[in-house]
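Some notes on the structure that comes next.
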Amino acid sequence: MSETPVITADRGAVRVITVNRPDKLNALNAATLDALLAAFEAAAADPAVRCVVLTGAGPKAFVAGADIAQMNGLTPVQGRDFSLRGQKLMRRVEKMPKPVVGMINGFALGGGLELAMGCHLRIAADTAKVGQPEINLGLIPGFGGTQRLLRLAGRAATLELCLVGAPIDASRARELGIVNRVVPAAELEAETMKLADQLANSAPLALRGVLDCVNVGGECGIEEGLEYETAQFGLMFATQDMREGTSAFLERRKPAFSGQ
């Protein structure tokens, strides 16, 4: 049994958060949800962290789902509380002020796909499989799966994945917009860290502005979204990073962003 359900490691300005229950295919129980929430809160608060990579330990799974053994004995009230616990984590990931890249190294099923969909970008190994199989347990997705999948892949794909419950391969997931990139399994870590390093070297305040605009714009009308984007755009002109970025462009050199 893994003693620590979540482990973190810093690789430069990139924090790697790993779900560490390989003996359980990294299934999400209450303790793991709480540990993940604490890890993301710490990453959000640490100014040295500019990007987060989320993955699962072991060769088989990103996260194979919620812990069925724990769910089996829950009462209706406890089930609702478990759902709220998971949704709180997914919302924290989704609203992180720094880019979060999901490195999907294996199965991302049920709560695992819900966790991956909370990430801003997702890179999957070509051997990975994703899905919402809760229907096979007499359940429905409870950590936001119906809502985020609907926004990522559309109504038809969401209904098929949730009603049929069969997993799909990484290639199909990319076609549906559930993952951004698919790479050979042997290259997954290198490609993910390459992207994470690129994000970590970008202007932090501009990254946050993009994340905020997309989060807000995805839930409001076009006029409100445009107004919010204009306000964020204007705000960038108060940053040192904007001056540095534009000056570097004019001087034909690489910018050095400070997050100020």
Can you pull the salt bridge (charged side-chain N to carboxylate O under 4.0 Å, His left out) pairs that have at least one residue in residues 68-82, sequence neighbours excluded?
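For residues 68-82, and leaving out neighbouring residues, there are no salt bridge (charged side-chain N to carboxylate O under 4.0 Å, His left out) pairs at all.
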Per the salt bridge (charged side-chain N to carboxylate O under 4.0 Å, His left out) rule, what does the pair list look like for residues 41-61, sequence neighbours excluded?
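Applying salt bridge (charged side-chain N to carboxylate O under 4.0 Å, His left out) to every pair that reaches into residues 41-61, excluding sequence neighbours, yields Arg15-Asp46, Glu41-Arg92.
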Let me check something: do [X] and [Y] share a hydrophobic cluster, defined by ILVMFWY side-chain heavy atoms less than 4.5 Å apart, either directly or through other members?
X      : Y      : answer
Leu188 : Leu199 : yes
Val16  : Val101 : yes
Ile17  : Met90  : yes
Leu121 : Val52  : no
Met117 : Leu109 : no

Quick one: ring pair (Phe, Tyr, Trp, His ring centres under 6.0 Å) partners of [X], sequence neighbours excluded?
X      : result
Phe62  : none
Phe82  : Phe143
Phe237 : Phe233

Without swapping roles, check the side chain of [X] against the backbone of [Y] for a donor-acceptor pair under 3.5 Å.
X      : Y      : value
Glu244 : Ala256 : yes
Gln78  : Thr75  : yes
Thr239 : Leu235 : no
Asn20  : Ala57  : no
Asn180 : Ile123 : no
Gln70  : Ala30  : yes
Arg122 : Gly102 : no
Asn29  : Asp67  : no
His120 : Glu94  : yes
Lys98  : Ala44  : yes

For [X], does the [atom1] atom have more than 12 heavy-atom neighbours from other residues, nucleotides or ligands under 6.0 Å away?
X      : atom1 : answer
Phe107 : CZ    : no
Gln87  : CD    : yes
Arg253 : CZ    : yes

Report, one line per pair, each donor and acceptor closer than 3.5 Å where one atom sits in a side chain of residues 156-172; sequence neighbours left out.
unit_1: Thr158; atom_1: OG1; unit_2: Leu149; atom_2: O; d: 3.2
unit_1: Thr158; atom_1: OG1; unit_2: Leu150; atom_2: N; d: 3.1
unit_1: Thr158; atom_1: OG1; unit_2: Gly154; atom_2: O; d: 2.7
unit_1: Asp169; atom_1: OD1; unit_2: Ser171; atom_2: N; d: 3.3
unit_1: Asp169; atom_1: OD1; unit_2: Arg172; atom_2: N; d: 2.9
unit_1: Arg172; atom_1: NH1; unit_2: Glu175; atom_2: OE1; d: 3.0

Heavy atoms only: give me the nearest [X]-[Y] pair and the separation to one decimal.
X      : Y      : result
Gly111 : Val63  : C-CG1, 4.5 Å
Leu152 : Ile178 : CD1-O, 4.5 Å
Met236 : Leu205 : CE-O, 3.7 Å
Ala200 : Val14  : CB-CG2, 4.0 Å
Ala108 : Leu113 : O-CB, 3.4 Å
Cys119 : Val93  : N-CG1, 3.9 Å

To the nearest 0.5 Å, what is the distance between [atom1] on [X] and [atom2] on [Y]?
X      : Y      : atom1 : atom2 : answer
Leu89  : Leu84  : CG    : CG    : 13.0 Å
Leu207 : Cys51  : CG    : SG    : 8.5 Å
Thr32  : Arg85  : OG1   : CZ    : 10.0 Å
Leu137 : Ile140 : CG    : CD1   : 12.5 Å
Gln260 : Arg243 : CD    : CZ    : 15.0 Å
Leu28  : Leu36  : CG    : CG    : 6.5 Å

Can you spot which of Thr18, Asn105, Thr192 makes a side-chain hydrogen bond (donor to acceptor under 3.5 Å, both in side chains) with Thr55?
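Considering Thr18, Asn105, Thr192, a side-chain hydrogen bond (donor to acceptor under 3.5 Å, both in side chains) with Thr55 is found only for Asn105.
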Check the pair Met103 / Leu54 against side chain to side chain contact (heavy atoms under 4.5 Å, CB included), numbers first and verdict last.
CA-CA 6 Å; Met103 184 167 72; Leu54 175 64; over 6 Å; no
Any side-chain heavy-atom pair of [X] and [Y] under 4.5 Å:
X      : Y      : result
Leu211 : Met96  : no
Asn136 : Pro133 : yes
Glu219 : Asn215 : no
Asp126 : Val183 : no

Between the side chains of Arg11 and Asp197, is the shortest nitrogen-to-carboxylate-oxygen separation below 4.0 Å, so that they form an ion pair?
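No, Asp197 and Arg11 are not salt-bridged.
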Under a 4.0 Å N-O cut-off, is there an ion pair linking Lys194 with Glu187?
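No, no charged N to carboxylate O under 4.0 Å.
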With side chain to side chain contact (heavy atoms under 4.5 Å, CB included) as the test, would you mind laying out the steps for Glu134 and Glu114 before giving the verdict?
CA-CA 12 Å; Glu134 289 88 348; Glu114 289 168 312; 4.0 Å; yes
Begin from the C-alpha positions of Val179 and Val182 and carry the test side chain to side chain contact (heavy atoms under 4.5 Å, CB included) through to its verdict.
CA-CA 7 Å; Val179 301; Val182 177; 4.0 Å; yes
Under the side chain to side chain contact (heavy atoms under 4.5 Å, CB included) criterion, do Met242 and Thr246 qualify, and how do the steps go?
CA-CA 6 Å; Met242 178 269 176; Thr246 53; 3.9 Å; yes
